[in-house]
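These numbers come from the heavy atoms of this one structure, side chains and all, not from hydrogens, waters or symmetry mates. All values derive from a computational prediction rather than experimental measurement.
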Amino acid sequence: MSFDRSQPHPTYPWQPPEPPPEPAPRPTRHRSPIGHHSDLRILRGAYRRQRRTATFTALGYFTLFLVLSAYAPSFMASGLTDGLPTGLLLALLQLPVTWLAIALYEHTARRSVDPLADRIRKQSEVDARRGAATR
């Protein structure tokens, strides 16, 4: 009876078998993963500017209205026409200013954010196809 000396002989029957050998390392990719891509940082910055533009437009006007109401009540009570005080006119203009903020948000989305997002989406699809082809 000969024993194979290259393989250790288990002393106990319940002893687990030897672990399988390490798998061969994958080839390195020529691009970094999409999560660390500089385009995502650019997209986040464009989206941040987009939000700030819309927010500062709407909230800035509303803050101006509140400051004028608190510190310039005589100006707000004065009338531009008979029966229409300036404060009421400025309050009614809040709705068009909000619409302007929404329009600015959509404009900056179409101009800067959406093209970047489309480019990243297409590149991630290409990367996914490349990854599927190498597996």
With rounding to the nearest 0.5 Å, note down the distance linking CG in L116 to CD1 in I42.
6.5 Å
Could you go through L90 and M76, starting from their C-alpha distance and side-chain angles, then the distance that decides it, and tell me whether this counts as side chain to side chain contact (heavy atoms under 4.5 Å, CB included)?
CA-CA 9 Å; L90 290 175; M76 297 295 270; 3.8 Å; yes
Point-to-point distance, once rounded to the nearest 0.5 Å, from OG1 of T86 to CG of L68
9.5 Å
Are V126 and R129 side-chain neighbours, meaning at least one heavy-atom pair lies under 4.5 Å?
yes
Nearest-0.5 Å distance that lies between atom CG in L88 and atom CG in L93:
9.5 Å
Measure the OG1-CD1 distance between T57 and I102 for me, rounded to the nearest 0.5 Å.
11.0 Å
Distance col, row T53:OG1 vs L104:CG, nearest 0.5 angstrom, shows 7.0 Å
Which value, rounded to the nearest 0.5 Å, describes the distance between T108 atom OG1 and R49 atom CZ?
9.5 Å
F62, CZ: over 12 other non-hydrogen atoms inside 6.0 angstrom:
no
Which atom pair, heavy atoms only, marks the closest approach of A77 to P85?
O-CB, 3.9 Å
Please find the pair of heavy atoms, one from Y105 and one from A54, that lie closest to each other, and give the distance.
CD1-CB, 3.7 Å
Determine the minimum heavy-atom distance between Y61 and Q94, stating which atoms define it.
CD2-OE1, 2.9 Å
Quick check: closest heavy atoms across R110 and P115, and the distance to 0.1 Å?
O-CD, 3.5 Å
Output yes when R121 and E125 qualify as a salt bridge under the 4.0 Å nitrogen-oxygen rule, no when they do not.
no
Can F56 be reached from V97 by stepping across I, L, V, M, F, W or Y side chains whose heavy atoms are under 4.5 Å apart?
no
